[in-house]
Amino acid sequence: MKFGIASVITTLLLFYASSTAIMASEMSVPIFHTKEETQQQQQQEQNDDDDKEQKDDSLIQECGNAARTNNTTYRECTVSDVDTTSSSCSTTTTTTTTTSSFSSPSSLSIPFPVMPDKIRAIIQQNHNVLDPQGTQMLSQLQAIEATTAFAHARSTFYEHLEGTFSILSAWNQPTDIKRAGMVHTAYSGDLFQFFLFDSNQENERQKLRNIIDTEAEALVYLFGTIHRGILCDFKNVVNRITEHASCSSDNTTVAHRGLGTVQVTPRQAANILMVTIADYLDQMVDTNGWRDHHQHDLAGENLYPGNGRPALGFYWFSSVCQAIRNDLEVIPDIFDSCTSTISYEHEEEARDAYWKVTMEEANLELETQIQLLQKTISLNPYVAEPHSLLSQIYYRQGRYLQSATEAKTCLEKFYTLASNWDKRRSYAHWVGYARMMLLRSNRQLEMEEYSIPIMMDGEDPVLYYTNYEQLKLTNLNSLLEEMTAREETVQYN
C-alpha cells in the first residue's frame with residue numbers, strides 16, 4: 001500500500017515538472033538582439049508581408065482571368081474565394097451584358113470622391129462660384145493686355161493671378177485674402193520687380209480698389225511694398241537658416257519701400273503669408289521665367305523652360321502654415337490643417353525619387369518604379385502625382401483594385417491641395433486623368449467588356465458606332481455621367 005502511494009506521488013511530481021518545462025518553453029522570453037539583427041528581422045517580416053500581398057494579388061488576378069474566360073462576375077472573386085494551397089479560385093457564374101449605360105457599382109468597386117464645388121468651378125473656370133464678383137474682376141484684369149502678354153514663371157501673368165486666386169478660394173479663405181491673391185503683385189513685391197499699378201500714385205491705387213474693393217487693396221499694398229522676410233522668420237526658413245517659422249504675438253515693424261517702416265499686425269502677417277504660400281504653390285518649377293531669366297540682364301544660366309521638375313517649397317509652406325495657424329480667420333485643410341510639416345531633406349529626397357521614375361522610366365524595372373513612388377509618398381504625403389503613376393503601373397499589371405485605390409487617393413489629395421505639384425500638365429488635366437484611371441480600374445474589377453462605356457451598334461446601319469479603326473465610340477457625356485454616378489454619397493471635405 002505504501003509502495004502504491006509513493007508511486008502515485010512520484011508520478012504526479014514528474015508530470016508537474018514536465019508540464020512546467022513545456023510551459024516555460026512556450027512562454028515569450030525576451031531575446032536581446034543587436035541593432036543589425038533587429039533590422040534584419042524587421043526586413044524579413046516586411047519581405048514576408050510583401051510576398052503574401054503579391055501572392056494574394058496574383059491569385060485575385062488569376063481568379064479574375066478565370067472569370068473573364070467563363071463569363072463570370074469578378075465581384076465574387078476575392079482573396080477569400082481563393083484556395084491558397086492549390087492556387088485555384090471559385091467564381092459565381094453570372095451572364096453579363098455590355099451596355100452603353102451604367103446602373104450601379106459593385107461592392108468591390110472603389111467609389112469616386114465627390115468633387116468639391118469649388119474644385120469643379122476651378123476646372124470649369126466658373127469664377128463666380130469662387131467669388132460673386134469673380135468673373136467680373138478677372139475679366140477686368142484680362143482686359144489689361146500686359147497681364148496676358150507677360151510671360152511669368154511658367155504661364156502668363158494673368159494665368160498665374162487666376163491660379164493664386166483659385167487656390168485661396170478652394171482653401172475657403174476670406175474675401176479680402178482671395179482677392180488680394182488675385183492681384184498680389186499688382187504693386188510689384190520684395191522679390192518681384194514688375195508691377196501693373198503704381199503704388200506711389202493715389203489714382204492708380206483707386207483703380208485697383210475699384211476692381212477688388214478697399215479692404216483687399218490695402219492687403220495688396222502691404223504685400224507689394226514691405227519686406228516680408230522678417231514676418232514669422234519667413235526668410236530664414238526659406239533659406240534654411242532655421243527650420244521652424246515663429247510668429248510674434250505683437251505687431252512687427254517691417255521695412256517699407258516708400259514709408260521707411262510700418263507696423264504689421266499678427267493677422268496681417270498671417271494673411272500676407274497665406275497669400276505667399278498660394279503664390280509660390282502655383283508657380284513652383286525649378287526653372288522660373290521671371291526669377292531666373294527676366295530679372296537677370298544676362299538671361300540666366302539655364303535654358304528656359306527647363307525640364308519642368310518641381311521646385312522645393314513644401315518644407316517652408318508647411319512650416320509657415322503651422323506658425324500662422326492661430327492667426328488665420330480660416331485654417332485651410334492643407335498639411336493636416338496646418339499641423340504637420342515636412343523637412344527640406346525629405347521633400348528633396350521624395351522629389352528626386354519621383355523624378356527618377358519620370359525621367360528614367362524606360363530603364364527601370366516596374367518593381368523599382370513602384371518602390372521609388374512609394375518612397376515619394378512616404379516622404380511627402382501631400383502630393384497627388386505619385387499616386388497617379390502608381391495607378392497606371394498597377395493597371396498595366398492587372399492589379400485593378402490597387403490601381404483604383406491609388407487613383408482615388410490621388411483625387412483626394414488634388415482636391416485638398418487645389419493645385420498640382422508636377423506642373424508639366426495643368427491641374428484640370430491631372431484631375432481628369434486620375435478620374436479616368438479610377439473609372440477604368442473599376443470597370444475592370446466589375447468585369448465589364450470595355451474599360452470605358454461604349455455605344456452599341458444598332459440594327460439600323462445609320463446607328464453605327466464603330467469607326468474606321470474598329471474602335472467603339474464613346475459618348476463623353478455618358479462617360480461623365482457614369483463618373484458622377486460612382487461618387488460617394490458623403491461629400492469629401
Side-chain angles (χ1 to χ4, degrees), residues 119 122-123 125 127 130 138 141-142 144-171 178 180-186 188-196 223-224 238 274-296 298-317 334 347-348 350-352 354-355 357-359 376 380 382-386 388-389 413-414 417-434:
I119 297 299
I122 290 171
I123 291 173
Q125 295 186 320
H127 301 121
L130 307 180
L138 284 167
L141 287 177
Q142 193 172 29
I144 303 173
E145 187 177 357
T147 62
T148 55
F150 180 68
H152 195 255
R154 62 175 185 90
S155 61
T156 68
F157 191 29
Y158 170 79
E159 290 172 320
H160 168 59
L161 297 177
E162 177 191 31
T164 306
F165 164 71
S166 297
I167 292 170
L168 291 166
S169 297
W171 292 352
K178 62 188 179 186
M182 182 189 294
V183 286
H184 55 281
T185 44
S188 76
D190 49 1
L191 300 175
F192 187 68
Q193 74 178 74
F194 307 94
F195 65 87
L196 276 176
F223 188 98
V238 173
M274 178 52 59
V275 172
T276 300
I277 293 172
D279 169 23
Y280 275 82
L281 174 60
D282 180 75
Q283 60 179 308
M284 56 183 302
V285 285
D286 250 2
T287 303
N288 179 306
W290 66 264
R291 182 194 65 203
D292 301 323
H293 285 260
H294 305 333
Q295 297 184 170
H296 299 271
L298 297 181
E301 298 178 356
N302 302 314
L303 291 175
Y304 182 83
N307 59 12
R309 186 175 70 162
L312 299 175
F314 277 57
Y315 71 98
W316 69 259
F317 294 172
I334 58 174
E347 182 181 1
E348 182 177 43
R351 190 273 309 271
D352 291 348
Y354 173 82
W355 206 245
V357 175
T358 63
M359 293 291 103
T376 300
N380 187 352
Y382 308 109
V383 294
E385 289 85 345
S388 177
L389 271 59
K413 291 186 177 182
F414 272 136
L417 194 61
S419 185
N420 48 310
W421 175 57
D422 185 339
K423 304 298 186 185
R424 293 176 302 162
R425 295 293 182 270
S426 70
Y427 176 67
H429 190 97
W430 275 112
V431 170
Y433 192 88

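Put simply, the side chain of T376 gets close to the backbone of A350: a donor and an acceptor are under 3.5 Å apart. Distance alone, capped at 3.5 Å, is enough to place a donor-acceptor pair between the Y304 side chain and the A153 backbone. Judged by distance alone, the side chain of H293 and the main-chain N or O of L303 form no donor-acceptor pair under 3.5 Å. A distance-only check finds a donor-acceptor pair linking the side chain of E347 to the backbone of G313 [under 3.5 Å].
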Check your understanding: Run the ring pair (Phe, Tyr, Trp, His ring centres under 6.0 Å) check on F314 and Y382 step by step: do they pass?
Key -> CA-CA 9 Å; F314 277 57; Y382 308 109; 7.1 Å; no

Point to revise | Verdict with reasoning, T276 to W316, per side-chain contact (heavy atoms from CB on, under 4.5 Å) | key: CA-CA 11 Å; T276 300; W316 69 259; 4.0 Å; yes

Exercise for review: For I277 and I167, run side-chain contact (heavy atoms from CB on, under 4.5 Å): C-alpha distance rounded to whole Å, both residues' side-chain angles, the deciding distance at 0.1 Å, then the answer.
Suggested key: CA-CA 10 Å; I277 293 172; I167 292 170; over 6 Å; no

Check your understanding: Going through the distances and angles, do L312 and R351 end up as a side-chain contact (heavy atoms from CB on, under 4.5 Å)?
Key -> CA-CA 8 Å; L312 299 175; R351 190 273 309 271; 3.9 Å; yes

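The shortest heavy-atom contact between V238 and Y315 is O-OH, 2.5 Å. Among all heavy-atom pairs drawn from M182 and L141, the shortest one is CG-CD1, 3.6 Å. Scanning both residues, P310 and W421, for their nearest heavy atoms gives CB-NE1, 3.6 Å. The two residues A311 and D286 make their nearest non-hydrogen contact at CA-OD1, 3.7 Å. Nearest heavy atoms, I122 versus S166: CD1-O, 3.5 Å. Minimum heavy-atom separation, A418 to W171: CB-NE1, 4.0 Å.
Expressed to the nearest 0.5 Å, how far CG of L161 lies from CD1 of I144 amounts to 9.5 Å. Distance check, rounded to the nearest 0.5 Å: NZ of K423 to CG of D282 gives 5.5 Å. A distance of 5.5 Å separates CD1 in I334 from CE in M274, rounded to the nearest 0.5 Å. One distance of note links CH2 of W290 with CG of L191; it measures 5.5 Å at 0.5 Å rounding. In this structure, CD in Q283 is found 10.5 Å from OG in S419, a value given to the nearest 0.5 Å. To the nearest 0.5 Å, atom CZ of residue R424 and atom CZ of residue R309 are 12.0 Å apart.
In this pair, F414 and W430 present their aromatic rings tilted. The plane angle is within the 30 to 60° band. In this structure, H152 and F192 have tilted ring planes: the angle between them lies in the 30° to 60° band. Taking the six-membered ring for Trp and thresholds of 30 and 60 degrees, H160 and H184 have ring planes more than 60 degrees apart, a perpendicular arrangement.
A donor-acceptor contact closer than 3.5 angstrom links the side chains of E162 and H127. A side-chain N or O of Y354 and one of D422 form a donor-acceptor pair less than 3.5 Å apart.
Under a cut-off of 6.0 angstrom, the local environment of CZ in R425 is sparse, with at most 12 non-hydrogen atoms contributed by other residues, nucleotides or ligands.
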